[in-house]
Amino acid sequence: MSPAVRCPEPEVGTNPVQVEVGDFDEAIDVEEETVEDIVDNPCLNYHCKKGKVCEVDEGNTPMCVCQDPSTCPPADAEFEHVCGTDNKTYDSSCHFFATKCALEGTKKGHKLHLDYIGPCKYIETCLDSELNEFPLRMRDWLKNVLVTLYERDEDNNLLTEKQKLRVKKIYENEKRLQAGDHSLDLLAHDFEKNYNMYIFPVHWQFGQLDQHPVDGYLTHTELAPLRAPLIPMEHCTTRFFEECDSDSDKYIALEEWASCFGLKERKYGRGLTTNGGLADSFRQFECFLP
């Protein structure tokens with residue numbers, strides 16, 4: 001394993017798994033609208049999903065229609081590009097979802113998903129030996145993410161009180177493996193020796209993703225905010241999550257998720273979701289990659 005990349009310490013902000021991939025809207029100060037404004041423009045408070053925009057019909061009734069990709073803002077940099085499952089690079093998530101919307105109701109549109117962040121590139125084949133290594137780093141990363149959240153939760157809005165108590169036990173445990181560039185052998189040994197430290201972080205991540213709806217299952221869309229930024233950094237990401245779906249029903253149940261991360265005990269609780277998370281957490285994950 002090569003020396004760890006020296007990455008700047010990430011700031012705490014919005015956890016990427018709390019929003020769907022493609023939601024990169026900047027914070028905009030919105031002036032309070034008067035009743036007259038809302039009557040004049042019914043689209044002001046009318047929400048449309050990504051790829052669609054609000055328009056009004058002849059009766060001034062708001063409705064969602066597919067956005068014209070040409071109306072999307074041009075990408076400022078390469079990092080705004082996204083790669084679709086059609087192996088085509090789109091200028092931005094706006095361009096991708098507008099294109100997908102135009103294909104609604106077609107076989108091509110049904111199969112088209114956002115694959116990963118960044119322009120399309122060659123992704124190496126994931127070997128069996130490499131696949132076995134993937135959960136070692138992921139478990140350690142999830143544990144470190146939670147510990148960092150606990151350290152910085154000054155305003156008590158990143159973790160619930162119940163979750164903070166769970167993470168506190170990990171944080172104060174003298175046997176906890178500190179964040180760093182560790183060998184795979186050490187990560188495997190620590191998981192075996194300190195197994196209980198990894199149970200909650202794995203469950204917590206599932207709860208972060210299981211949002212639309214909260215039902216104990218992850219769809220492709222719910223999983224995307226985690227897998228899309230990881231794929232360019234970890235070539236085993238796609239195969240790992242595909243094999244997590246052990247019954248091939250297109251859903252990853254909590255039991256399947258726990259199993260593919262190496263958890264054997266049936267400690268599947270609820271209340272796993274946090275109120276916030278780490279900005280740049282995937283950059284932090286890159287620091288632990290070989």
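All residue numbers refer to positions in the sequence shown, counting from 1.
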Pair L230-M138, side chain to side chain contact (heavy atoms under 4.5 Å, CB included): steps then yes or no: CA-CA 10 Å; L230 281 179; M138 276 294 293; 4.0 Å; yes
Distance check, rounded to the nearest 0.5 Å: [X] atom [atom1] versus [Y] atom [atom2]?
X	Y	atom1	atom2	result
M197	N173	CE	CG	3.0 Å
N194	K175	CG	NZ	6.5 Å
D210	L223	CG	CG	11.0 Å
E80	C94	CD	SG	10.5 Å
K164	E161	NZ	CD	4.5 Å

OH (Y251) with more than 12 external heavy atoms under 6.0 Å: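 No, because the 6.0 Å sphere around OH of Y251 holds 12 heavy atoms or fewer from other groups.
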E172 atom CD: more than 12 heavy-atom contacts under 6.0 Å: yes
Mutual orientation of the aromatic rings belonging to F191 and Y198 [parallel < 30°, tilted 30-60°, perpendicular > 60°]: perpendicular
Parallel, tilted or perpendicular: ring planes of F241 versus W257, cut at 30 and 60 degrees: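 If you compare the ring of F241 with that of W257, the planes turn out parallel.
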Within-4.5 Å side-chain heavy-atom neighbours: V53 and C48: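 V53 does not reach C48 side chain to side chain.
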T219 backbone acceptor or donor facing K250 side chain under 3.5 Å: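 Pair absent, no side-chain N/O of K250 close to backbone of T219.
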Identify whether the distance between the nearest side-chain nitrogen and carboxylate oxygen of [X] and [Y] falls below 4.0 Å.
X	Y	value
E104	K49	yes
R137	D140	no
D115	K88	no

In one Ile/Leu/Val/Met/Phe/Trp/Tyr side-chain cluster, 4.5 Å: M63, L44: no
Distance-minimising heavy-atom pair for P119 and C83: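 Smallest interatomic distance, heavy atoms only, reads C-CB, 4.3 Å.
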Short side-chain donor-acceptor distance under 3.5 Å, D68 and S70: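 Looking only at side-chain atoms, D68 and S70 do form a donor-acceptor pair, the distance falling under 3.5 Å.
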Stepwise side-chain hydrogen bond (donor to acceptor under 3.5 Å, both in side chains) test for T237 and E234: CA-CA 6 Å; T237 300; E234 271 279 5; 5.3 Å; no
